[in-house]
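Numbers restart at 1 for each chain; the letters A, B, ... are given by sequence-line order, proteins then strands. Values below: all heavy atoms of this structure, side chains included; hydrogens, waters and symmetry mates excluded.
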Amino acid sequence: MQPVTYNRKITEKFEQSDYGDAQQHFLAQRVLYREAELLDSRRYAEWLEMLSDDLLYEMPLRTNRLGRELQFEFNDPGELSHFEEDKGGIALRLRRLGTNMAWSEDPPSRTRRLVSNIVVKSASEGEVLVGSNQLVYRSRLDHQKELFSCARFDIWRIQTDPAAWQLAYRNIVFDDAIVHGSNLGIFF
Amino acid sequence: MSTTSVLNGMDAENGVIPAGIYSDQEIFDLEMEKVFTRSWLFLAHESQFSKPGDFFRTYMGLDEVLVVLQKDGTFKAFLNQCRHRGARLCRADKGNSKAFTCPYHGWTYGTAGELMGITAEEVVVMDKLDKQTLSAIPVPRMHIYCGLIFGCWDENVAPFEESLGEFKWWADGVFNRTEAGTEVIGGVHKWVVPANWKLAAEQFTSDIYHFTITHASGVLAYVPEGAPPPELPTGRQGFSLEGHGGGFGANTDFYDAFGAMTVGKNWAKYFSEQQREEANNRLGKARGETFLSVHMNLFPNLGYLQTNQTLRVWHPRGPNEIEVWAWTLVDKDAPAEAKEEVRRSTTRTFGTSGVFEQDDSENWAEVMRSLRGPIGKRTNFYAGLGKHETRDPSGQTEGMSDSIVSESAARAFYGRWHKLMTS
């Protein structure tokens with residue numbers, strides 16, 4: 001069985017970098033928990049402030065492949081993704097949610113994000129690489145229930161004050177080949 | 001309600017649509033047979049294949065098929081089912097293979113679905129067995145239209161282009177605009193909507209009416225603050241008795257601005273200059289320049305939005321479930337940076353996370369929520385809107401058409417569906 005091949009530059013960068021120290025790990029965990037709390041509480045304006053102006057936010061498609069073609073399990077860069085967003089695109093999505101006419105989120109989803117398996121690595125000056133797993137439970141209306149599982153490879157721009165850390169890059173490894181739900185109208 | 005009373009209660013011509021056609025399991029079972037085994041169905045786009053043995057796994061209704069590029073450059077499609085005990089021959093979504101081996105007893109089929117090998121044949125086959133009679137069930141009719149590969153289970157179906165009827169004039173205006181044609185960006189967005197496939201198909205056939213309400217949030221997110229609320233477009237709705245239809249906007253300036261805003265500058269420049277000039281030369285100004293397809297559906301279940309470049313199949317999964325498969329279509333001739341804008345914007349607007357897509361699915365699911373009880377299922381819905389024209393009074397367009405905000409095309413869609421269901 002071939003190991004999972006995630007053909008993105010970010011995974012190479014993770015492999016080549018050294019683990020961060022305990023303080024960095026502690027702060028990164030605090031930032032991720034804070035982010036999850038903001039999203040679960042629909043405090044989107046505050047979440048947007050955590051995003052760097054040059055943000056790239058990606059979630060490639062994943063497919064079922066033959067055993068000998070498993071290296072192609074993920075779509076290549078340049079092919080379709082579930083998300084391929086910059087900060088402007090995220091802001092646009094948030095503006096939509098703020099119109100009170102975004103029917104698929106009216107009434108809104110009740111979400112709970114469980115973040116775990118945090119790995120922190122030191123990258124270039126002023127940045128850390130943060131890997132994590134995330135399980136998102138989404139409940140909506142009376143009967144709509146969804147569970148989304150993913151891994152995330154992030155680049156955070158760090159400051160002394162962890163409240164000022166900004167997300168510069170996020171690559172989301174989605175664990176489904178078909179989205180079992182009407183939409184991915186929430187953030188990961 | 002019985003299947004017969006639901007079908008008898010339908011009067012498509014006058015827009016009387018019994019709710020049972022969406023919710024009833026027996027109706028669903030019947031339409032899988034009557035509609036989906038007798039209509040041309042979209043299988044894949046030519047550009048998904050480059051080498052012999054390249055395959056793509058998809059569905060025709062509920063039946064799973066493999067589409068494979070042959071050595072001679074043609075395509076074959078066959079049921080993804082072993083003739084011995086029926087296990088699936090292939091579980092991968094796509095890939096390249098010289099053969100497909102059943103994981104149950106190991107029977108092996110070639111790229112055209114021909115049975116090549118029976119495991120331990122010399123031990124288990126006592127009498128002479130003609131392997132040719134045990135090939136995978138072939139899709140007998142195949143046709144490629146402007147790069148789109150279609151198949152049909154019915155050997156006697158009308159040729160594809162004939163089956164478009166008078167809608168061919170409109171469909172050519174959408175898919176046949178350039179000599180180089182189209183290609184898809186790698187990958188297919190797939191998601192599941194708890195609704196009946198006809199709600200999606202009908203909307204893409206005939207419904208621009210929903211746009212300003214259903215998509216209010218998406219539009220407001222795009223337009224500058226304080227901009228006037230969006231208005232319904234002007235133009236024509238083209239359709240044919242074969243059940244195909246679409247809305248074609250006439251306000252070229254509006255669509256150029258909309259394209260620049262939602263897709264990007266490079267795309268808008270390519271689309272409004274290079275592509276339009278070529279389309280004018282190939283098709284004439286009525287289709288090249290004046291009319292742009294905002295929405296369309298080829299009967300039964302292939303939807304396309306030219307303004308957002310999303311091509312999708314509404315795979316039926318039961319009366320209350322659609323598996324949507326959405327491809328992103330671009331012109332081969334478009335510059336790389338324009339293609340990139342399409343890739344990003346289609347994902348943002350009509351992909352799994354799309355800001356317009358989500359509100360469509362939500363409303364289809366809402367319809368289904370009202371069809372759970374006996375009273376709700378007994379309702380007749382009203383699809384009688386529109387001017388009820390069948391020709392363009394200005395003579396500018398050909399074929400059957402009405403004003404763009406109309407349900408004429410929906411009535412044609414349901415008329416075709418009803419005809420197949422009762423014959």
Contacting moiety of B:Phe356, where chain A heavy atoms sit under 4.5 Å: neither
Residue pair A:His82 / B:Thr352: nearest heavy atoms and the distance that separates them: ND1-OG1, 2.7 Å
Check: A:Asn64 side chain, B:Asp93 main-chain N or O, donor-acceptor pair, under 3.5 Å: no
Distance, nearest 0.5 Å, that separates OG of B:Ser217 from CG of A:Asn100: 10.0 Å
Charged N-O contact under 4.0 Å between A:Asp86 and B:Arg348: yes
For chain B, the option from A:Gly89, A:Pro60, A:Gly78 that forms the most heavy-atom pairs under 4.5 Å: A:Gly78
Residue-level interface, residues 103-132 of chain A with chain B, non-hydrogen cut-off under 4.5 Å: A:Trp103, A:Ser104
Part of B:Ser97 within contact of chain A (heavy atom distance under 4.5 Å): both
Whether A:Glu69 side chain and B:Asn96 backbone form a donor-acceptor pair below 3.5 Å: yes
Salt bridge flag under 4.0 Å for residues B:Asp359 and A:Arg96: yes
Exceeds 12 heavy-atom contacts within 6.0 angstrom, atom NZ of B:Lys332: yes
Spacing of CG belonging to A:Asn75 relative to CD1 belonging to B:Ile185, to within rounding of 0.5 Å: 11.0 Å
Check against side-chain contact (heavy atoms from CB on, under 4.5 Å), A:Thr63 and B:Lys190: CA-CA 10 Å; A:Thr63 52; B:Lys190 300 179 180 180; over 6 Å; no
When B:Ser345, B:Ala365, B:Ala221 are compared by non-hydrogen pairs under 4.5 Å with chain A, the top option: B:Ala221
Under 4.5 Å from a heavy atom of chain A, the part of B:Gln358 involved: both
Under 4.5 Å from any heavy atom of chain A - which part of B:Ala326: backbone
Top contributor to chain A interface from B:Thr214, B:Val193, B:Asn363 [non-hydrogen pairs under 4.5 Å]: B:Thr214
Options A:Gly185, A:Gly181, A:Ala177, ranked by heavy-atom pairs under 4.5 Å with chain B, top entry: A:Gly181
A:Tyr137 atom OH, over 12 foreign heavy atoms within 6.0 Å: yes
Side-chain heavy-atom pair B:Leu220, A:Arg95 within 4.5 angstrom cut-off: no
Heavy-atom pairs under 4.5 Å with chain B, option from A:Thr99, A:Leu92, A:Leu61 with the top count: A:Leu92
Within 6.0 angstrom of B:Leu232 CG, more than 12 heavy atoms from elsewhere: yes
Contact leader toward chain A among B:Ser361, B:Gly218, B:Ala195, B:Gly95, where contacts are heavy-atom pairs under 4.5 Å: B:Gly95
Portion of A:Leu97 that has a non-hydrogen atom of chain B nearer than 4.5 angstrom: neither
Straight-line distance of B:Phe100 CZ to A:Leu66 CG, nearest 0.5 Å: 7.5 Å
A:Ser182 side, atom OG; B:Ile322 side, atom CD1 - distance, nearest 0.5 Å: 9.0 Å
Top contributor to chain B interface from A:Arg68, A:Glu85, A:His180 [non-hydrogen pairs under 4.5 Å]: A:Glu85
A:Arg93 (side chain) donor-acceptor with B:Ser353 (main chain) under 3.5 angstrom: yes
Part of B:Val188 lying under 4.5 Å from any heavy atom of chain A: backbone
Contact class of B:Glu340 relative to chain A, heavy atoms under 4.5 angstrom: neither
A:Glu79 side, atom CD; B:Thr328 side, atom OG1 - distance, nearest 0.5 Å: 11.5 Å
Closest-packed option against chain A by number of heavy-atom pairs under 4.5 Å, given B:Glu323, B:Lys94, B:His215, B:Arg369: B:Lys94
Reported NE2-to-CG distance for the pair B:His189 and A:Leu80, which is rounded to 0.5 angstrom: 4.5 Å
Partner chain A: residue of B:Glu357, B:Lys339, B:Arg343, B:Glu366 with the largest heavy-atom pair count (under 4.5 Å): B:Arg343
